[in-house]
Amino acid sequence: MSTLNRLAPRTALFMPASNPRAIEKARDLDVDLVILDLEDAVRADAKDSARAAALDAVAEPFGASLSAIRLNAIGTPWHQADVAAVAESACDYAVLPKTESAEDARRIAAATGKPLLVMIETPVGLVAATDIARTPGVAGLITGSNDLRAELGIPPVAGRAGLALALQMIVLAARVGGVWAIDGVFNALDDGQGFAKECRHGRSLGFDGKSLIHPYQIAIATKEFGPTEQELAEARELIAAFTGGAERFRDRMIEVMHVDQARALLARTGEETEA
């Protein structure tokens, strides 16, 4: 399922489905995607009530935001009930954690009847990411940074250097499949500068947006994954200057591909251009 014609979420906010106050506040947030979590953020003894709360929550719109529900992983005691519930729900997307095969992705997309966002969180999933991204029903890949660190044996204090290959593999797989690539979470809640830096790094790798764990991160990620005024102005000028074929624009050569990129950049802000 190609999602390139639908703007990718710059911001994807995870929140526990078991927290009704946070869910209600999320309806007024300027976030692209709200992901109600039934997995890691919910205690084992609260799984059933969280599932019911998630279904109730997505029955009402989250303003202009898309909604998703993250299932418990395949093989857990709650997975089948989650799948059945999401299939009957009004959410826009289902999220499958710890995805490790194209067949699992295909099966869950078919069972839920929802476009599927799959989380790449293990070495097995990473190696299979290209096949997963090309699976009918898959709409995007979400990086599970914390689990990948643990699985790969990368110390938490090592920064992103040890994840470099994994991050690039996820973006590459997403582009092969024509689906979204969403960067992983940033754990330090009181480090806005560090978060902004990681957003810029993610965008430089080709990620479309960022996974979030706190509402304060929304404005930062929206800014860092959005075009600057300089980028927008240059995109307009490039489109206006283009006459067809390969030609010089300022100090570089451009062709149709660059015009398409410029139009996509403007589309991020809702600005339409003539094809």
Can you tell me how far the CD atom of Glu229 sits from the CG atom of Leu232, to the nearest 0.5 Å? 5.5 Å
More than 12 foreign heavy atoms under 6.0 Å from CG of Asp40: is that the case here? yes
What distance separates Leu165 CG from Leu152 CG, expressed to the nearest 0.5 Å? 9.0 Å
Check the pair Ile170 / Ile182 against side chain to side chain contact (heavy atoms under 4.5 Å, CB included), numbers first and verdict last. CA-CA 9 Å; Ile170 290 170; Ile182 309 300; over 6 Å; no
Are side-chain heavy atoms of Lys25 and Pro215 found at a separation under 4.5 Å? no
Would Arg107 and Asp104 pass as an ion pair if we require N to O under 4.0 Å? yes
How close do Phe186 and Gly194 get, counting heavy atoms only, and between which atoms? CZ-C, 3.5 Å
Do the side chains of Val118 and Leu172 join up, straight or via other hydrophobic residues, at under 4.5 Å, putting them in one cluster? no
The test is salt bridge (charged side-chain N to carboxylate O under 4.0 Å, His left out); show your working for Asp131 and Arg134 and say whether it passes. CA-CA 5 Å; Asp131 288 338; Arg134 297 171 70 175; 5.1 Å; no
Just wondering, do Glu247 and Ile254 contact through their side chains at under 4.5 Å, heavy atoms? yes
Determine, stepwise, if the pair Glu234 / Phe249 fulfils side chain to side chain contact (heavy atoms under 4.5 Å, CB included). CA-CA 10 Å; Glu234 182 166 306; Phe249 173 71; 4.1 Å; yes
Are Thr122 and Glu100 linked by a side-chain donor-acceptor pair shorter than 3.5 Å? yes
In Å, rounded to the nearest 0.5 Å, how long is the span from CG of Asp183 to CZ of Arg160? 4.0 Å
Please determine whether a side-chain nitrogen of the Lys or Arg among Glu24 and Arg27 lies less than 4.0 Å from a carboxylate oxygen of the Asp or Glu. yes
Are Leu66 and Asp32 packed together at the side-chain level, in the sense that at least one heavy-atom pair is separated by less than 4.5 angstrom? no
Is any side-chain heavy atom of Glu151 closer than 4.5 Å to one of Leu126? no
Can you measure from NZ (Lys210) to CG (Leu13) and round to the nearest 0.5 angstrom? 13.5 Å
Only counting residues at least two apart or in another chain, list the ones meeting side chain to side chain donor-acceptor pair (under 3.5 Å) with Arg43. Asp45
Indicate yes or no: at least one non-hydrogen side-chain atom of Asp37 is less than 4.5 angstrom from one of Met15. no
Separation between SG (Cys199) and NZ (Lys223), nearest 0.5 Å, reads 10.0 Å
Those residues that, when tested against Glu224, pass side chain to side chain donor-acceptor pair (under 3.5 Å) (two or more places apart): Arg200
Residue pair Ala46 / Ser49: nearest heavy atoms and the distance that separates them: O-OG, 3.1 Å
Between Leu141 and Met169, is there a side-chain heavy-atom distance shorter than 4.5 Å? no
Nearest heavy-atom neighbours spanning Asp30 and Thr222: O-OG1, 4.4 Å
Walk me through it: do Cys91 and Val86 pass the test side chain to side chain contact (heavy atoms under 4.5 Å, CB included)? CA-CA 7 Å; Cys91 68; Val86 169; 3.9 Å; yes
Qualifying residue, where the test is side chain to side chain contact (heavy atoms under 4.5 Å, CB included) with Leu117 and the options are Leu96, Leu33, Val179, Asp92: Leu33
Calculate, to the nearest 0.5 Å, the distance between atoms CZ and CG belonging to Arg203 and Asp208 respectively. 10.5 Å
